[in-house]
Amino acid sequence: MNNVVLVGFMGSGKSTVGRVLAERTNRSFVDLDDEIAADAGRSVAEIFADEGEAGFRQREAQSLRRALDKQDIIVAAGGGAPLADENWRRMREGNCVVSLMAQPVELARRLNGSKGRPLLQPDVPSAIATLLPNRLSRYAAADLVIATDGRKPDEVAHDIESRLPRSGIHRIAVDVPGASHEVTIGQHLPNLVGETVKRMAPSQPVVIVSDRVIIKQHLRPLADALKSMDITAIPVSVPSGEPAKELDALAAIYAELARIGIDRQGCVIALGGGTVGDVAGFAAATWMRGIRYIQMPTTLLAMVDSSIGGKTAINLPAGKNLVGAVRQPAAIFSDIEYLDSLPNEEYRAALAEVVKAGMIADRRFVEWLAANIAGLLQRDNDSLDEAIRWAIRIKAEVVARDPAETGERAILNYGHTVGHALERAAGYGTVRHGEAVAWGMEVAARISVLTATCQAEDVTVQHMLLQQAGLLARRPTVKPLDLLSAMQHDKKSRAGKPRWVLLREVGRAEYGCEVDEAIVWMALREVLGI
Ligand SMILES: NC(=O)c1ccc[n+]([C@@H]2O[C@H](COP(=O)([O-])OP(=O)(O)OC[C@H]3O[C@@H](n4cnc5c(N)ncnc54)[C@H](O)[C@@H]3O)[C@@H](O)[C@H]2O)c1
Ligand SMILES: [Zn+2]
């Protein structure tokens, strides 16, 4: 975990740069070829001679596994190591992969006269010409791709050091058929975003949609990282909060895309909370019938919920999220550092969605939350990192199984039948979404007990967690009839009858449930006092 893995062709400088980088960052250094030779008690050339390339590759995979079990080290991997999918997967899990690149002539110059490299046959230029083309796409897919031509090892090491994330990075696949992508979670990720943009849209500016608050606080490091990679980034500002999702804000984004001349190869970055993600995603989903976009969530809610799943939407005066599209992002980068500036109320409100994820899908997560809620409330980095990853994994799995919400994805709406209705009945902006959802979860849990789909003990942990997060401190005041009418408006209702997501037990929910109106009223009265 939290290792840096250097990959690249022979002669790209992995061992030399690796040693300098290790010294600069105060980490240990492992040269994989040296490890393999030490383990075998023979040189790499001898292993090739005795066991062939296949034998060497087997030893290489073993040594790599052992090296990556360590923490905070710099590993120089052999030039062919990243080609095996299993090695590549291991290199990336929890670690940052950096590839060192050089032009073939430069590689040939550096490798001239080198000994003990069995693959440099029959001569250096021919070996480069045969091997390099097959390896380039893997090298280019690294988190950071560093050109080394004409640069001293110290300079290259300094460059890498300044671009590295601050801690280990984690990746969660969102395996939506035909639109599979990854969530990268870590700290200080703008340089990794830059590499992704460079791979996706190398020839045109990238548009960063963000709101005024975030532009002021967080745009700079991202813009600088993109600039350092010669990517032109053009920020487009939308208002902060729900007004970002109004038609005017959307029109302003379209106008900017037109002015810059973004075509179908273009790319949009959504840097912000759920509102920015929704409007920027919708703009991307509809511009030229759909272009690629990257989600960079800056709120806890956006990290654990709205950035995943590809739902995008804007609001109309007639209602929230009435116009929308489902389009998966090309990538999601959840940089936890952004949360440092997030106001406490926003942070706490999002914990409702975190608790929701556990209650509907994973008992172990709920148990973990119960044991770690204090740390989470204090924003302890390790607890936060763990909770975010867990919640993302849950949503990613549900979405991958049912991207178009024809079935199971509906469980994510647990607590939202009453939650959305409370927001609507109280007037948007009066009650925070997370607080409304917390109350909605309490009502849904109560209904689950009243209809005997779930045991009373199973809902107490939810109550305790929401209460500790301070989400049940104030009962929202709404008129019963307003709430009822808002519930009938719910997008998930059928013929004006809401469909409920109810609990079966901690970690298991059921969707599409019809509930007798008398029971709904009873639960509303007991929980909300109306
Ligand atoms: N697409 C989906 O699947 C989905 C799911 C859930 C919610 N949503 C939508 O998400 C929206 C709510 O998202 P949200 O809660 O992130 O709200 P938001 O985007 O309005 O952000 C909340 C506030 O925090 C500020 N902010 C954002 N990041 C900050 C940071 N790092 N530091 C300081 N301030 C910061 C914003 O400027 C804003 O004022 C709603 O519109 C909802 O409909 C969408
Ligand atoms: Zn929600």
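The basis for the numbers below is simple: all heavy atoms, side chains too, and nothing from hydrogens, waters or symmetry mates. Start at 1 and go down the list; that is how both ligands and their atoms are numbered.
- Atoms of ligand 1 found under 4.0 Å from any heavy atom of Ile214, numbered from 1 in the order shown, are 27 (C), 28 (N).
- Of all protein heavy atoms, the one closest to atom 12 (C) of ligand 1 is Leu301 CD2, 3.8 Å.
- Gln204 contributes a side-chain N or O that, together with a main-chain N or O of Asp263, makes up a donor-acceptor pair within less than 3.5 Å.
- Considering Ser341, Pro243, Ser306 only, the shortest heavy-atom separation from atom 4 (C) of ligand 1 involves Ser306.
- For ligand 1, the atoms lying closer than 4.0 Å to a non-hydrogen atom of Ser240 are 36 (C), 37 (O), 38 (C), 39 (O).
- Judged by distance alone, the side chain of Ser334 and the main-chain N or O of Ile185 form no donor-acceptor pair under 3.5 Å.
- Within ligand 1, counting atoms from 1 as listed, the ones closer than 4.0 Å to a heavy atom of Glu346 are 22 (C), 23 (C).
- For the pair Asp175 and Glu397, the minimum side-chain heavy-atom distance is 4.5 Å or more.
- The nearest protein heavy atom to atom 22 (C) of ligand 1 is closer than 4.0 Å.
- Under a 4.0 Å N-O distance rule, the pair Glu435/Arg474 qualifies as a salt bridge.
- Using a 4.0 Å cut-off between heavy atoms, Val213 contacts ligand 1 through its side chain alone, with no backbone atom that close.
- When distances from the Zn ion (ligand 2) to the N, O or S atoms of His433 are compared, NE2 comes out shortest.
- Nearest N/O/S atom of Glu353 with respect to the Zn ion (ligand 2) is recorded as OE2.
- At a heavy-atom distance under 4.0 Å, only side-chain atoms of Asp278, from C-beta outward, approach ligand 1.
- Residue Lys320 holds the heavy atom nearest to atom 42 (C) of ligand 1 of all those in Glu345, Lys320, Met303, His218.
- When hydrogens are left out, the protein atom nearest atom 36 (C) of ligand 1 is Asp211 OD2, 3.3 Å; that is the closest non-hydrogen contact.
- Here Lys320 pairs with Glu242 in a salt bridge; the nearest charged N to carboxylate O distance falls below 4.0 Å.
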Open item on the list: Applying side-chain hydrogen bond (donor to acceptor under 3.5 Å, both in side chains) to Asn321 and Lys245, what does each step give before you reach the verdict?
Closed with: CA-CA 8 Å; Asn321 295 333; Lys245 287 170 65 171; 2.6 Å; yes
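- Which parts of ligand 1 touch Gly274 is read off a 4.0 Å heavy-atom cut-off, strictly below it: atoms 10 (O), 11 (C), 13 (O), 14 (P), 16 (O), 19 (O).
- Although no hydrogens or angles enter the test, the distance criterion places no donor-acceptor pair under 3.5 Å between the side chain of Ser180 and the main chain of Val176.
- Taking 4.0 Å as the cut-off, Arg432 does not count as a neighbour of ligand 1 on heavy-atom distance.
- For atom 43 (O) of ligand 1, the candidate residues are Gln217, Glu242, Lys245; the nearest heavy-atom contact is made by Lys245.
- Neither the backbone nor the side chain of Asp340 has any atom closer than 4.0 Å to an atom of ligand 1 (non-hydrogen atoms only).
- Residue Asn321 approaches ligand 1 through these ligand atoms, each under 4.0 Å from one of its heavy atoms: 43 (O).
- Of the heavy atoms in Thr312, none comes closer than 4.0 Å to ligand 1.
- Under a 3.5 Å cut-off, the side chain of Asp482 and the backbone N or O of Pro480 do not form any donor-acceptor pair.
- In Glu353, neither the side chain nor the backbone holds a heavy atom less than 4.0 Å from any atom of ligand 1.
- A parallel orientation is assigned to the rings of Tyr254 and Trp287, their planes being inclined by less than 30° (bins at 30° and 60°).
- Both the backbone and the side chain of Leu342 come within contact range of ligand 1, each with a heavy atom under 4.0 Å.
- Looking at His218 and Met296, their side chains never come closer than 4.5 Å, going by heavy atoms from C-beta outward.
- In this structure, Glu442 does not pair ionically with Arg475, as no charged nitrogen and carboxylate oxygen lie closer than 4.0 Å.
- Listed by number with element, the atoms of ligand 1 under 4.0 angstrom from any heavy atom of Lys311 are 1 (N), 2 (C), 3 (O).
- Nearest protein neighbour of atom 27 (C) of ligand 1, counting heavy atoms only, is Thr299 CG2, 3.2 Å.
- Both the sub-6.0 Å distance and the 45° axial angle are not jointly satisfied by Arg327 relative to the ring of Tyr293.
- In terms of protein heavy-atom proximity, atom 28 (N) of ligand 1 is nearest to Thr298 OG1, 2.7 Å.
- The one candidate from Ile447, Val418, Leu484 that meets the side chain to side chain contact (heavy atoms under 4.5 Å, CB included) condition with Val520 is Ile447.
- In terms of modelled atom types and a separation under 3.5 Å, the side chain of Thr196 and the main chain of Leu192 share a donor-acceptor contact.
- Residue Gly241 places a heavy atom under 4.0 Å from ligand 1.
- A salt bridge links Glu514 to Arg499: one of the charged nitrogens lies within less than 4.0 Å of a carboxylate oxygen.
- Between Val354 and Phe365 the shortest side-chain heavy-atom distance falls below 4.5 Å.
- Among the atoms of Asp305, none of the N, O or S atoms falls under 2.8 Å from the Zn ion (ligand 2).
- For the ligand labelled ligand 1, residue Arg212 lies outside the 4.0 Å heavy-atom shell.
- The backbone and the side chain of Thr275 each have at least one atom closer than 4.0 Å to an atom of ligand 1 (non-hydrogen atoms only).
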